[in-house]
Amino acid sequence: MLNPSHRYRDIERTAEYLHPEKCMPPPIRNSMDKLWFIKDGCGIACAVVTWFLVFYAEFVVIFVMLLPSKDLIYSTINGIIFNILAFMALASHFRAMITDPGAVPKGNATKEFIESLQLKPGQVVYKCPKCCSIKPDRAHHCSVCKRCIRKMDHHCPWVNNCVGENNQKFFVLFTMYIALISLHALIMVGVHFLYCFEEDWTKCSSFSPPTTVILLILLCFEGLLFLIFTSVMFGTQVHSICTDETGIEQLKKEERRWAKKTKWMNLKAVFGHPFSIAWLSPLATPDQGKADPYQYVV
């Protein structure tokens, strides 16, 4: 017995539902169209809040805890580590936000494109009725991006973008670096509290004692909240990559129709070939190869 999601996909596969004559050819893209940015109010607000919280943590760490410290070596080492992690987190967030996650060309369900696939008897293709696109296997339509996304995992408002085939690496790095700076900030808050209890509160910070306590408590709450949240997201993303099954595919319990690969091969497919230090860099774009022209055919 097929579940509703499977029945829906069977309807999508039926040839008479393609209606290529109802699809207009995709518009010619100019240079501005090549910049990927989702104009969603909620997503933009969440992205701004994300950057604000990182800069707030930066302010508290530098001006409340490190600069007033009498231990120059402690301040220097922790300042360098925290700033590097913060830069990597924001760079990962920026790349995840402005990278095309794997959008299928909009409006390509035209008669000419379908004929170019040279379908053989028994072969079928998917068509998205919402964006009028012939979509490859494992692609899903995002109602926020208004596009079909290859290997779409989910739409994340915090990066104002879908997490898909082309930007999953940057999203994983974003969650990892946010978790690391949250843990680092919590450790420094704990050390600073101990130092202030042992010393005079007026000497352990350039701010007044009440202001210092409030700033540290807010940072502690922020760090604990984001450490838990991003650690869980990082774990689920790594598990999804290793099992080669996106969040949507797990949620819908879709039938597996793609070849099973090893966990190491799945990781290299997302982070790039071969393994290198570039896996940890949001500035390095993974080499995932060209799209398969037959990926639309089933």
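Connection of L218 to F63 is established within a shared hydrophobic cluster, with ILVMFWY side chains joined at heavy-atom distances below 4.5 Å, either directly or through further cluster members. Neither L194 nor V189 shares a network with the other; the hydrophobic side chains, linked directly or stepwise wherever heavy atoms of I, L, V, M, F, W or Y lie under 4.5 Å apart, form separate groups for each. Hydrophobic clustering (side-chain heavy atoms under 4.5 Å, transitive across Ile, Leu, Val, Met, Phe, Trp, Tyr) keeps L66 apart from Y195. By the criterion of side-chain heavy atoms lying less than 4.5 angstrom apart, applied directly or through intervening Ile, Leu, Val, Met, Phe, Trp or Tyr residues, I80 is grouped together with F87 in one hydrophobic cluster. Placement of W264 and F271 within a single hydrophobic cluster is found when ILVMFWY residues are connected by side-chain heavy-atom separations under 4.5 Å, directly or transitively.
Of all non-hydrogen atoms in E245 and S240, the two that sit nearest each other are O-OG, 2.6 Å. Here the shortest heavy-atom pairing between C145 and I38 reads SG-CD1, 3.7 Å. Shortest non-hydrogen contact noted between M88 and P282 is CE-CD, 3.4 Å. Residues G43 and D40 come closest through the heavy atom pair N-OD2, 2.8 Å. Smallest separation of non-hydrogen atoms from A259 and D244: O-OD2, 4.2 Å. For the residue pair E249 and T246, the shortest heavy atom distance occurs at OE1-N, 2.9 Å.
Of the inter-residue distances, the one linking H141 atom NE2 with C131 atom SG reads 5.5 Å to the nearest 0.5 angstrom. Once rounded to the nearest 0.5 Å, the distance linking NE2 of H154 with SG of C142 reads 10.5 Å. Taking NZ of K39 as the start and CG of N160 as the end, the distance is 11.5 Å to the nearest 0.5 Å. In this structure, H184 NE2 and I84 CD1 are separated by 10.5 Å, a value rounded to the nearest 0.5 Å. Here CZ of F229 is found 7.0 Å from CH2 of W158. Values are rounded to the nearest 0.5 Å. Atoms CG and CG, on D100 and L35 in that order, are 10.5 Å from each other to the nearest 0.5 Å.
Considering only heavy atoms from C-beta on, H192 comes within 4.5 Å of C196 through its side chain. In this structure, the side chains of K252 and H140 come closer than 4.5 Å at one or more pairs of heavy atoms. Side-chain contact between V61 and N78: absent, with no pair of heavy atoms (C-beta onward) separated by less than 4.5 Å. With a 4.5 Å cut-off on side-chain heavy atoms, C242 and L267 count as touching. With contacts defined as side-chain heavy-atom distances shorter than 4.5 Å, the pair N161/C156 does not qualify. You'll find the side chain of F234 stays beyond 4.5 Å of the side chain of T230, heavy atoms only. In this structure, K169 and T285 have side chains that are not in contact, with every pair of non-hydrogen atoms separated by 4.5 Å or more. Considering only heavy atoms from C-beta on, V159 stays 4.5 Å or farther from F170 through its side chain.
Note on ring orientation: taking the six-membered ring where Trp is involved, the planes of F193 and F197 are parallel (angle under 30°, cut-offs 30° and 60°).
Within a 6.0 Å sphere centred on CD1 of I277, heavy atoms belonging to other residues, nucleotides or ligands number 12 at most. Counting non-hydrogen atoms of neighbouring residues, nucleotides and ligands closer than 6.0 angstrom, the CD1 atom of I73 reaches no more than 12 such neighbours.
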Under 3.5 Å donor-acceptor pairs involving side-chain atoms of residues 172-182, not counting sequence neighbours:
| unit_1 | atom_1 | unit_2 | atom_2 | d |
| --- | --- | --- | --- | --- |
| T175 | OG1 | F171 | O | 3.4 |
| T175 | OG1 | V172 | O | 2.7 |
| Y177 | OH | L280 | O | 2.5 |
| S182 | OG | I178 | O | 2.7 |

Donor-acceptor contacts, no H, no angles, side chain residues 48-57, under 3.5 Å, sequence neighbours left out:
| unit_1 | atom_1 | unit_2 | atom_2 | d |
| --- | --- | --- | --- | --- |
| T50 | OG1 | C46 | O | 2.8 |
| W51 | NE1 | H93 | ND1 | 2.9 |
| Y56 | OH | L215 | O | 3.0 |

Trace of the side chain to side chain contact (heavy atoms under 4.5 Å, CB included) decision for M188 with L219: CA-CA 10 Å; M188 286 190 290; L219 178 60; over 6 Å; no
Residues M65, Y74; criterion side chain to side chain contact (heavy atoms under 4.5 Å, CB included); working and verdict: CA-CA 11 Å; M65 292 189 288; Y74 171 84; over 6 Å; no
Worked verdict on S133 versus R147 for side chain to side chain donor-acceptor pair (under 3.5 Å): CA-CA 9 Å; S133 298; R147 298 287 291 274; 5.9 Å; no
Test log, rule side chain to side chain contact (heavy atoms under 4.5 Å, CB included), inputs I44 and F37: CA-CA 10 Å; I44 294 174; F37 182 76; 3.9 Å; yes
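When the options N167, T236, V163, I241 are evaluated for a side chain to side chain contact (heavy atoms under 4.5 Å, CB included) with D153, the one that passes is V163.
In this structure, the side-chain contact (heavy atoms from CB on, under 4.5 Å) partners of T212, at least two apart in sequence or on a different chain, are V64, W201, S205, F207, L216. L251 meets the side-chain contact (heavy atoms from CB on, under 4.5 Å) test with no other residue; sequence neighbours excluded.
Under the 4.5 angstrom side-chain criterion for Ile, Leu, Val, Met, Phe, Trp and Tyr, M265 has no cluster partners at all. Other members of the cluster containing I248 are I149, M152, with ILVMFWY side chains joined at under 4.5 Å, either directly or via other members.
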